[in-house]
Amino acid sequence: MEAIHLGSIDTFRFEEERLLAHAAVLIVGKDYVAALAIVTARGRSFWVDREWRRQAQWEACRLMAELGLELERVRAALGRMGTDPAKWLAAYTAEDGWHRADGLQRRLEAWVAKMDDEPEAEQALAVIRQEHEHLLRTMADGFAKALSASAWTVPGALHQTRIYPEVVQAMGGRVAWFFVDAMRYEMGVELARQIEGAKDLRVRAAVAALPSITPVGMAALLPGASASFDLTDAKGKLAARIEGTDMKDSAERMRFLKAKVPDAVEMTLGKLLGNAPPKVRKEIGSASLVVIRSQEIDFAGETDSDLLARQVMDSVIGNLARAVRKLAAAGIEHFVITADHGHQFAIRKDDDMKTDSPGGVTLDLHRRCWIGHGGSTPTGTVRVAGAELGYHADLDYVFPTGLGVFKAGGSLSFHHGGFSLQELAIPVLSLRLAAGKPAEVVGVQVRIEGYPPAVTNRTFGLKLAAAGDLLATEPIALRVLLMAGAEEVGRAGMALGSAFDRDKGILTLALGAEASVGMMLTNDACQSLRVVVLDAHTDTVLAESDELPVKLGI
């Protein structure tokens, strides 16, 4: 019997397996609407609901179908865009813009990386990856032509060098300013969804300074960059220059910032999350500006491990949201979160992506840009003089087109430095969050049951039960996380018996009810972890498990 003709009861286990295989065949044939309809109607059944591994397979198929639909929607719009880069940026960053395809692709790849079993829809996954890569290349080529026609500027767009005066200083009061290395626009949009209780929340796009690499983008965020920003040859090394000061690394950039804002305090995201609240309050004191630096996305992406990159990128967003709430509890009310650059992210690793570097006198070489003097302009690249980018130093910049990269070492899946929308469009989040210790959650008790004595699979199940006294009657919104020390290494991926918002990671549980929750380990580098249940609005810990050893593969 054809899978589509199977009944809706799923009496036998083979029925859901046949239906899932049929949905995969539809995806291969690019009939995403029909595939999604099957997943929506049949992805829950007697057999699926009893095995988290089966649920993970169906969820992977759902993500493939949703991404396929989004790719088709974006592809249909590309041919009408013309050569105005402002229109390209607006289409990419609109509320329902093209960035949604990047977000779905990241979620799909992160999900597949967390699964203990290979996706059964293997051919469907290969097709979706190929379609996504084709769209990335088409989008990159089209935007590059528009950007070149507009003299490498995006008229009317917020430029990275103006974020400090126009956003940070405009906030007023004490501000926490997050510098998140390599956070692309869609990640900023998801982060905004995870910050509960934010007021005056705004997500806008800025255009990163070219080339889109860390020494350039981080310097472009500094005070004074809006009036005086240049790139120069500092004794054979690329340096950013602001008001006559050359800066080649993070230490020099932070010294410059503190000279401009003497009471500024800076720390890494890891340090902030690892410190106890009293120590955080002591560290920041009465500083008018608190700078939080995060390198986790870029560090993971630059490794040669695609698996690590896909896992870590999905957990950084939750850690950033927790960091915002932690600073609010320490007395900070105003927040700005932005990035030095974004990134392109695909899975293919073929050598036809690579091109030889231009040679000549090289100051800096990255996968997506070469900076120096002279040299050649290899096929598949574009050469831009420094003056065309608004810089005074006599430097040349060569960028690969499309998805091309130079033979420069590092990952072929994750790269940046060029002028695609994914690399240049960076998020700028601004918001207020009530300062001070959040109110305690009164009259609610949460129990965690049924978790394993050790984590031997990236996916495992547990049960949550919530109870309340006479003062507590409303359902409670929860975040269920896997924590290794102070860092998030996983979270709930699925839930039965309660409402579950996948985008926000929030489970809404009625008091007196019980829910089965599927946990997904997103960073398996930890040796042990614990399950932590938080109130979604205040981050109050409502329950946590014992410390569980991580023994994958055993």
Side-chain angles (χ1 to χ4, degrees), residues 30 32 63-64 66-109 127-150 152-157 182-190 205-208 210-212 301 313 339 341-348 350 352-353 355 367-369 380-382 384 399-405 411-427:
K30 303 177 186 177
Y32 307 120
L63 289 168
M64 291 178 212
E66 288 185 349
L67 177 55
L69 278 173
E70 192 64 24
L71 295 175
E72 285 193 337
R73 186 180 74 89
V74 177
R75 186 182 298 112
L78 287 179
R80 306 189 298 268
M81 291 308 298
T83 57
D84 181 355
K87 289 184 178 179
W88 284 76
L89 181 67
Y92 182 76
T93 60
E95 185 174 352
D96 62 345
W98 303 343
H99 70 272
R100 286 168 48 85
D102 293 329
L104 286 167
Q105 180 256 355
R106 175 178 54 79
R107 290 179 207 173
L108 171 62
E109 294 299 347
V127 167
I128 287 295
R129 284 173 170 170
Q130 185 178 28
E131 289 295 297
H132 175 257
E133 181 187 304
H134 177 71
L135 181 70
L136 277 187
R137 182 182 296 106
T138 304
M139 191 185 299
D141 288 339
F143 182 66
K145 291 176 182 177
L147 200 60
S148 175
S150 189
W152 307 103
T153 62
V154 182
M183 181 172 67
R184 66 185 182 185
Y185 186 80
E186 56 87 8
M187 300 178 81
V189 172
E190 180 165 331
V207 177
L210 278 168
S212 54
M313 286 182 194
H341 54 75
H343 62 269
Q344 287 183 341
F345 184 54
I347 296 300
R348 193 168 69 90
D350 296 339
D352 65 353
M353 295 174 65
T355 187
R367 282 294 198 190
R368 293 277 291 164
C369 69
T381 67
V382 174
V384 185
F399 304 94
T401 56
L403 303 184
V405 295
S411 172
L412 275 175
S413 300
F414 170 97
H415 36 256
H416 57 86
F419 39 62
S420 69
L421 284 162
Q422 286 78 10
E423 295 164 283
L424 280 189
I426 58 172

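These figures come from a predicted structure and were not determined experimentally.
- The shortest distance between side-chain heavy atoms of L104 and L108 does not fall below 4.5 Å.
- Judged as a ring pair (Phe, Tyr, Trp, His ring centres under 6.0 Å), and not counting sequence neighbours, the contacts of H343 are F414.
- Side chains of M139 and Y92 form a contact here, defined as non-hydrogen atoms less than 4.5 Å apart.
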Let me have the donor-acceptor pairs involving side chains of residues 417-427, under 3.5 Å, with sequence neighbours excluded, atom names and distances please.
unit_1, atom_1, unit_2, atom_2, d
S420, OG, Q344, NE2, 3.3
S420, OG, E423, N, 3.3
S420, OG, E423, OE1, 2.7
Q422, NE2, D102, OD1, 3.4
Q422, NE2, D102, OD2, 3.2
E423, OE1, R368, NE, 3.4
E423, OE1, R368, NH2, 2.8
E423, OE1, S420, N, 3.1
E423, OE2, R368, NE, 3.1
E423, OE2, G417, N, 3.2
E423, OE2, G418, N, 2.7

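- Taking 4.0 Å as the cut-off between side-chain N and carboxylate O, E133 and R137 count as a salt-bridged pair.
- Across all non-hydrogen atoms, the minimal contact from L71 to H132 is CD1-N, 3.6 Å.
- The two residues P85 and A146 come nearest to each other via the heavy atoms CD-O, 3.6 Å.
- A side-chain donor-acceptor contact under 3.5 Å links W88 to the backbone of G82.
- Within the 4.5 Å cutoff, the side chain of E190 has heavy atoms near those of the R106 side chain.
- In this structure E70 satisfies the side-chain hydrogen bond (donor to acceptor under 3.5 Å, both in side chains) test together with R73, sequence neighbours excluded.
- Annotation: ring pair (Phe, Tyr, Trp, His ring centres under 6.0 Å) contacts of H341 (sequence neighbours excluded): H416.
- Under a 4.0 Å N-O distance rule, the pair R107/E66 does not qualify as a salt bridge.
- Residue L147 holds its CG atom at 11.5 Å from OG1 of T83, rounded to the nearest 0.5 Å.
- For the atom pair OG (S148) and CZ (F399), the distance works out to 11.5 Å, reported to the nearest 0.5 Å.
- The side-chain hydrogen bond (donor to acceptor under 3.5 Å, both in side chains) test applied to R100 returns no partner, not counting sequence neighbours.
- With sequence neighbours excluded, the residues that form a ring pair (Phe, Tyr, Trp, His ring centres under 6.0 Å) with H99 are Y185.
- Salt-bridge check for K30 with E72: failed, with every basic side-chain N at 4.0 Å or more from each acidic carboxylate O.
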